[in-house]
Amino acid sequence: MSKEHIETPNEETTKTNFIHQEIDADLQENKNGGQVLTRFPPEPNGYLHIGHAKSICLNFGLGKYYNGKTNLRFDDTNPVKEDTEYVDSIMEDVKWLGFNWNGEPHYTSDYFDQLYEWAVLLIKKGKAYVDDQTAEEIASQKGSPTFPGTESPHRNRSVEENLDLFERMKKGEFQNGERVLRAKIDMASPNMHLRDPLMYRIMHAHHHRTGDQWCIYPMYDFAHGQGDFVEGITHSICTLEFEVHRPLYEWFLNEITEGQPEPVAKPRQIEFARLNLNYTVMSKRKLLQLVNENYVSGWDDPRMPTISGLRRRGYTPASIRRFADEIGVAKRENVIDVSLLEHCVREDLNKKAPRVYAVLNPVKVVITNYPEGQVEWMEAINNPEDESMGSRTLPFSREIYIERDDFMENAPRKFFRMDIGREVRLKNAYIVKCESITKDENGEITEIQCTYDPDTKSGMEGSNRKVKGTLHWVSIEHSKTVQVKQYDRLFMDEAPDSHKDKEFLEFLNPNSLNVINSCYIEPNFMDAGANFEDGIARYQFQRLGYFCVDKDSTEENIIFNRTVGLRDSWSKKK
Ligand code: ATP
Ligand code: MG
């Protein structure tokens with residue numbers, strides 16, 4: 001992605017949270033020499049989702065707020081699940097959201113040598129040992145929070161034997177799973193994470209960066225805190241489930257820095273509640289399953305909660321940052337209503353997206369007293385919310401399309417649209433009166449006949465006449481045919497992955513994608529100025545909702561994705 005496509009966050013963030021208070025207190029004590037360095041540490045094993053966006057906005061937001069910096073670090077300790085495709089997509093998504101990381105991206109794999117040395121150091125201190133047991137055996141000895149675990153028979157190996165075995169592990173003398181390196185802490189600790197956790201495992205696997213150099217890989221828990229330490233991260237912000245890991249991270253850091261002259265600057269971990277959103281799933285494993293088993297077209301399917309999916313759906317970076325701001329940061333888990341996310345994009349697009357005319361489900365209207373062959377170019381304002389967006393012209397002619405459901409025969413009085421004998425305004429054109437209709441043998445309306453009042457041309461005095469309904473329309477002869485994809489929620493259940501007896505896939509919405517092949521849009525829609533800074537064109541189709549041009553569009557075949565409808569269920573709730 002090129003630089004000029006990056007929209008920088010410029011809206012004022014007024015909200016601060018409990019993390020700001022913690023950092024303020026640290027700064028007051030002049031910890032870290034008054035510096036703040038945060039990081040966003042994804043594992044490159046999938047595309048980022050809206051939950052990651054919360055973490056990105058938080059971490060980069062803190063960096064910015066304190067005039068500090070934010071590192072991007074790929075926690076790439078599991079070669080089996082990781083891929084450069086994910087690395088690339090993560091960088092693209094962070095940039096698209098409008099954030100710049102400090103210097104070059106970092107990789108935990110850059111620290112593999114250092115981590116190995118630290119592991120050797122722990123062995124030498126008698127604080128780590130090689131265990132020959134299988135993962136199952138080790139797990140069966142864990143005990144429970146109220147019941148102490150069982151010590152491994154290999155726990156008291158000599159330092160020499162441990163050093164020798166660990167080196168042979170590194171050299172590739174053993175098969176996957178044959179041995180592990182464990183920290184020697186306390187098998188009776190009330191914190192299960194301190195019961196001799198694994199530090200290294202054997203994996204004969206190709207790593208996306210280190211290739212075949214290693215066949216032992218550090219566990220996330222042994223790598224993560226040290227990664228922060230190496231980079232000089234001052235505040236390690238992470239989700240609540242890592243609170244119970246914190247004593248272990250501190251134990252590792254204390255052991256490897258023991259004896260160093262004080263003070264040793266160690267990262268301070270602060271936990272916050274992750275984002276949960278209803279009507280979707282956010283586990284990377286489940287998202288990967290949706291992609292691999294073709295329930296969606298890819299990670300960037302517009303129904304996915306991924307950042308790339310939201311982008312393709314038409315979400316703007318500003319709307320996602322706004323959402324992150326609205327939900328705030330707290331210590332307690334809750335579930336956010338997806339209608340808040342929709343509200344945020346609607347508000348942003350209302351300000352920024354030009355209005356154009358498109359008819360998705362057409363019925364033909366003939367204006368019988370309008371001269372055949374005549375065309376008038378009507379002026380239409382691009383965005384009533386923003387005069388600087390100017391206006392464009394659109395052609396009016398004798399034959400137009402309107403939405404099929406904007407006509408109703410024998411309509412009730414409150415139906416402010418078209419029926420025989422009633423007048424409606426065609427926006428930016430004339431007031432017309434429906435005179436008659438034609439139906440086919442199935443009773444389906446094939447044509448509506450209207451007359452227009454030439455004195456009511458838009459902008460002229462006669463146009464001020466009061467009529468109840470205003471409709472959008474397109475001139476048949478001039479309109480462009482486009483494809484429109486409408487989306488509904490991917491899941492029909494509020495919490496598809498919370499059912500004990502049912503798989504999340506059972507709640508997939510069979511009608512989440514609705515493709516309409518022939519929709520009609522005004523010819524000059526491209527003149528309305530819809531190109532956003534990220535290169536995506538976004539529009540409001542009058543009276544219908546917000547739509548964006550899909551990346552698979554060609555000049556002959558333009559595809560629009562519906563972002564959201566116009567009705568705001570969030571504002572109504574408040
Ligand atoms: P996993 O570890 O299962 O692969 P993950 O969602 O934790 O998945 P990471 O790549 O480790 O993925 O996440 C990177 C960062 O994003 C972490 O700091 C994590 O805490 C944060 N994060 C992940 N999911 C959410 C969420 N739903 N809300 C807020 N932050 C999140
Ligand atoms: Mg994680």
Side-chain angles (χ1 to χ4, degrees), residues 17 19 38-63 70-83 85-91 93-94 97 99 101 105-109 208 217-221 223-225 227-228 231 233 235-246 249 267-291 299 304-310 320-321 323-336 338 340-341 495 497-498:
N17 55 56
I19 298 178
T38 58
R39 86 287 181 264
F40 174 63
E43 186 186 345
N45 62 354
Y47 281 59
L48 298 179
H49 54 59
I50 184 73
H52 293 114
K54 173 179 181 176
S55 177
I56 292 168
C57 292
L58 174 59
N59 279 300
F60 284 90
L62 288 169
T70 304
N71 285 1
L72 174 64
R73 179 173 71 246
F74 293 101
D75 258 333
D76 52 353
T77 54
N78 186 356
V80 178
K81 294 197 171 158
E82 294 158 7
D83 200 281
E85 177 195 345
Y86 300 135
V87 170
D88 295 342
S89 76
I90 288 169
M91 292 199 280
D93 289 350
V94 173
L97 276 175
F99 298 108
W101 51 85
H106 297 252
Y107 296 84
T108 300
S109 53
H208 68 105
Y217 289 93
M219 301 300 293
Y220 181 84
D221 273 352
H224 185 72
D228 285 345
E231 291 172 20
I233 302 300
H235 297 86
S236 307
I237 316 298
C238 60
T239 41
L240 283 181
E241 69 271 23
F242 291 102
E243 194 166 5
V244 286
H245 297 239
R246 189 177 351 129
Y249 296 167
R268 173 169 172 206
Q269 177 170 312
I270 304 172
E271 303 88 10
F272 70 100
R274 64 173 45 240
L275 166 68
N276 302 301
L277 199 62
N278 62 10
Y279 292 103
T280 193
V281 294
M282 254 183 300
S283 135
K284 276 194 240 171
R285 186 180 60 77
K286 288 176 183 147
L287 295 175
L288 183 65
Q289 193 179 350
L290 289 171
V291 173
W299 285 97
M304 290 281 270
T306 51
I307 296 177
S308 51
L310 292 167
I320 294 176
R321 293 194 300 265
F323 172 71
D325 214 35
E326 287 284 327
I327 58 178
V329 175
K331 269 270 186 207
R332 200 162 17 96
E333 292 253 354
N334 62 349
V335 181
I336 302 293
V338 65
L340 173 60
L341 182 61
D497 55 2
S498 69

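When a ligand or atom number is given, it counts from 1 through the structure's own listing order. None of these values were measured; they are calculated from a predicted model.
Take Lys81 and apply the salt bridge (charged side-chain N to carboxylate O under 4.0 Å, His left out) test, not counting sequence neighbours, and it matches no residue. Not a single salt bridge (charged side-chain N to carboxylate O under 4.0 Å, His left out) links Asp88 to another residue, sequence neighbours left out.
Under a 4.0 Å N-O distance rule, the pair Glu231/Arg39 does not qualify as a salt bridge. Salt-bridge annotation for Lys284 and Glu43: absent, with no side-chain N of the basic residue lying under 4.0 Å from a carboxylate O of the acidic one.
At a heavy-atom cutoff of 4.0 Å, ligand 1 is contacted by both the backbone and the side chain of Pro41. Neither the backbone nor the side chain of Phe242 has a heavy atom within less than 4.0 Å of ligand 1. Contacts with ligand 1 closer than 4.0 Å are made by heavy atoms of both the backbone and the side chain of Arg274. At a heavy-atom distance under 4.0 Å, only side-chain atoms of His49, from C-beta outward, approach ligand 1.
For a threshold of 3.5 Å applied to N or O pairs, the pair formed by His52 and ligand 1 contains at least one separation below that value. Between Lys284 and ligand 1, a contact under 3.5 Å exists for at least one N or O pair. The shortest N or O to N or O distance between Glu43 and ligand 1 is below 3.5 Å. For a threshold of 3.5 Å applied to N or O pairs, the pair formed by Cys238 and ligand 1 contains no separation below that value.
For ligand 1, the atoms lying closer than 4.0 Å to a non-hydrogen atom of Asn45 are 4 (O). Atom numbering of ligand 1 starts at 1 in the shown order; those under 4.0 Å from a heavy atom of Thr239 are 20 (O), 29 (C), 30 (N), 31 (C).
Partner Pro305 forms a side-chain contact (heavy atoms from CB on, under 4.5 Å) with one of Leu275, Leu310, Leu287, Val281 and no other, that one being Leu287.
Between Ile56 and Leu48, some side-chain heavy-atom pair lies under the 4.5 Å cut-off.
Atoms CG and CZ, from Leu277 and Phe323 in turn, are 5.0 Å apart once rounded to the nearest 0.5 Å.
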